[in-house]
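Let me begin by presenting the structure, written as structure tokens, before commenting on it.
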Amino acid sequence: MHRFYLHLIPVLAFTALPHFAQAEIAVKSGEKIAFLGDSITAGGWGNPAGYVRLVIAGLEANGIKAEPVPAGISGHKSDQMLARLDKDVLSKKPQWMTLSCGVNDVWHGPRGVPFDDAMAKSGTYDDKVSTRGTYKKNITAIIDQAQAAGVKPVMLTATVIQENLDNKENGLLAPYNAFLRELAKEKKIPLADLNAMFQERIKAENKPNVKVLTSDGVHMNVEGNKLMAVGVLQALGLNAAELDKAKASWPPLEAASIMAAQKAAEAKAKAAAEKKAKEAADKAKGVKAPK
């Protein structure tokens with residue numbers, strides 16, 4: 001019996017290995033990740049529990065110390081991100097770049113960026129639309145230039161424009177996201193399909209009069225930031241167990257976010273009270289308030 005098992009054990013060990021093999025996390029310690037985007041990304045860094053910070057913390061919880069390169073600017077659309085790509089991303093020499101773009105291209109209406117040339121001709125845009133190019137051309141150029149510089153992009157589909165998934169804006173956003181999925185497949189780059197994740201979560205919650213993932217229909221609340229972070233981390237290769245480790249690292253950041261919000265509210269209330277007191281004092285002295 002002993003001789004039988006001695007011969008059997010190596011065979012069992014060899015055949016079992018493929019079943020337990022796991023893909024490695026794509027990002028390695030010491031690498032830089034640039035986060036290119038708009039106000040959602042700016043908030044993802046500015047908020048202590050924003051999705052950018054959650055991604056970095058989640059990687060660190062799994063033993064990967066990555067350096068963030070924040071590159072989110074409020075209000076920016078695809079043409080503006082393309083214009084500052086070299087300055088804000090490529091010049092920083094990151095190994096990775098997440099791209100979050102599309103909400104403002106649609107949401108800004110006449111000042112937005114048309115999906116393609118046909119939309120540019122048929123849409124109701126302002127007289128500067130020709131200077132903004134098209135979304136398809138701008139996004140393709142961003143990805144091509146990043147890859148040419150040796151930067152590995154991670155595509156993020158645009159989230160939502162208000163949490164009413166059947167509204168006009170989300171309908172207009174759909175082809176933009178369909179293009180991102182197609183381009184990610186064509187260029188063989190990781191995709192975080194945040195729009196699909198947001199739609200699934202909003203439908204599952206089924207709370208029409210409640211903001212489930214956003215504070216105002218567009219910008220992330222606590223749950224929205226966490227869902228975005230999960231999507232990005234999954235795209236970077238984290239499995240379920242690694243995601244659990246990532247999530248376990250987030251509560252201190254959420255606590256810091258709550259504290260920061262409280263301090264900001266207190267500072268705002270104090271400033272308002274001081275302004276009111278000054279106005280009252282000036283009025284008592286007969287000083288007219290400036291128009």
Side-chain angles (χ1 to χ4, degrees), residues 23 25-27 31-42 44-45 50-52 54-56 58-59 66 68-73 76-86 88-90 92 94-107 113 115-116 133-161 170 172-200 220 224-225 227-238 243:
I25 298 173
V27 179
E31 292 187 332
K32 294 180 182 179
I33 308 173
F35 294 85
L36 181 60
D38 49 32
S39 57
I40 294 172
T41 301
W45 175 251
Y51 84 90
V52 174
L54 297 181
V55 167
I56 296 300
L59 289 171
V69 178
I73 295 181
H76 270 207
K77 300 180 282 289
S78 59
D79 59 313
Q80 294 161 309
M81 293 185 205
L82 175 59
R84 63 184 176 87
L85 178 66
D86 186 66
D88 289 353
V89 176
L90 303 186
K92 313 296 184 184
Q95 284 72 38
W96 295 88
M97 176 194 75
T98 68
L99 175 59
S100 176
C101 180
V103 168
N104 289 331
D105 295 64
V106 172
W107 197 25
V113 177
F115 176 61
D116 54 17
T134 69
Y135 186 77
K136 291 180 72 173
K137 291 177 182 177
N138 294 337
I139 295 296
T140 302
I142 290 172
I143 296 300
D144 286 347
Q145 289 181 30
Q147 290 185 316
V151 179
K152 290 169 277 193
V154 178
M155 191 80 82
L156 279 57
T157 54
T159 48
V160 292
I161 304 175
N170 283 312
L172 291 171
L173 188 61
Y176 289 69
N177 279 327
F179 165 70
L180 295 180
R181 296 181 186 106
E182 293 169 4
L183 188 64
K185 185 177 181 180
E186 176 190 330
K187 300 291 184 180
K188 297 180 172 61
I189 60 179
L191 171 71
D193 197 346
L194 302 182
N195 185 270
M197 294 173 71
F198 269 56
Q199 291 212 33
E200 181 181 5
M220 299 305 115
N225 274 306
L227 192 57
M228 287 189 72
V230 167
V232 174
L233 289 170
Q234 286 177 328
L236 292 174
L238 272 69
L243 280 173

task: Mind listing the closest non-hydrogen atom pair of Leu82 and Ala141 along with its distance?
output: CD1-CB, 3.8 Å
Those residues that, when tested against Asp88, pass salt bridge (Lys or Arg N to Asp or Glu O under 4.0 Å) (two or more places apart): Arg84
query: Which value, rounded to the nearest 0.5 Å, describes the distance between Leu243 atom CG and Leu233 atom CG?
result: 6.0 Å
statement: Leu180 and Thr157 have their tightest heavy-atom pair at CD1-CA, 3.8 Å
task: Using the side-chain contact (heavy atoms from CB on, under 4.5 Å) rule, pick out the option among Ile189, Asp193, Leu194 that qualifies with Met155.
output: Ile189
- line: When every non-hydrogen atom of Ala229 is compared with those of Leu54, the smallest separation belongs to CB-CB, 3.6 Å
query: Are Asn170 and Gln199 side-chain neighbours, meaning at least one heavy-atom pair lies under 4.5 Å?
result: no
query: Taking all atoms of both residues into account, what is the closest heavy-atom pair of Val113 and Gly133, and its distance?
result: CG1-O, 3.9 Å
- prompt: To the nearest 0.5 Å, what is the distance between CG (Asn104) and CH2 (Trp107)?
  reply: 7.0 Å
- prompt: Would you call Arg181 and Asn195 a side-chain contact if the rule is heavy atoms closer than 4.5 Å?
  reply: yes
query: How many angstroms lie between atom OG1 of Thr159 and atom CE of Met220, to the nearest 0.5 angstrom?
result: 4.0 Å
query: Where do Ala66 and Ile33 come nearest, in terms of heavy atoms and distance?
result: CB-CD1, 4.0 Å
- request: Could you please spell out the steps behind the side-chain contact (heavy atoms from CB on, under 4.5 Å) verdict for Tyr135 and Lys77?
  value: CA-CA 9 Å; Tyr135 186 77; Lys77 300 180 282 289; over 6 Å; no
Contacts of Phe179 that satisfy ring pair (Phe, Tyr, Trp, His ring centres under 6.0 Å) - sequence neighbours left out: none
Closest non-hydrogen atom pair, Pro94 against Val89: CD-O, 3.1 Å
message: Donor-acceptor check, side chain of Lys32 to backbone of Lys92, threshold 3.5 angstrom: yes or no?
response: yes
field: Any Lys187 side-chain heavy atom under 4.5 Å of Asp144 side chain
entry: yes
Would you list the atom pairs, donor with acceptor, under 3.5 Å between side chains in residues 145-154 and any protein atom, with sequence neighbours excluded?
none

task: Applying side-chain contact (heavy atoms from CB on, under 4.5 Å), name anything that partners Ser100, two or more places apart in sequence or on another chain.
output: Thr41, Tyr51, Leu156
field: Residue list, ring pair (Phe, Tyr, Trp, His ring centres under 6.0 Å) with Phe35, at least two apart or on another chain
entry: none
field: Contact check, side chains of Leu36 and Cys101, non-hydrogen atoms, under 4.5 Å
entry: no
message: With no hydrogens and no angle check, just 3.5 Å: does a side-chain donor-acceptor pair link Asp116 and Thr134?
response: no
field: Point-to-point distance, once rounded to the nearest 0.5 Å, from OG of Ser78 to CG of Asp105
entry: 4.0 Å
- prompt: Hey, mind stepping through Ile161 and Leu172 against side-chain contact (heavy atoms from CB on, under 4.5 Å) and telling me if it holds?
  reply: CA-CA 10 Å; Ile161 304 175; Leu172 291 171; over 6 Å; no
query: Side-chain contact, heavy-atom cut-off 4.5 Å: Met81 with Asp38?
result: yes
task: List for me each residue that meets salt bridge (Lys or Arg N to Asp or Glu O under 4.0 Å) alongside Lys185, sequence neighbours excluded, and say none if there are none.
output: none
message: Side chains of Ile73 and Gln80, heavy atoms from C-beta outward: is any pair under 4.5 Å?
response: no
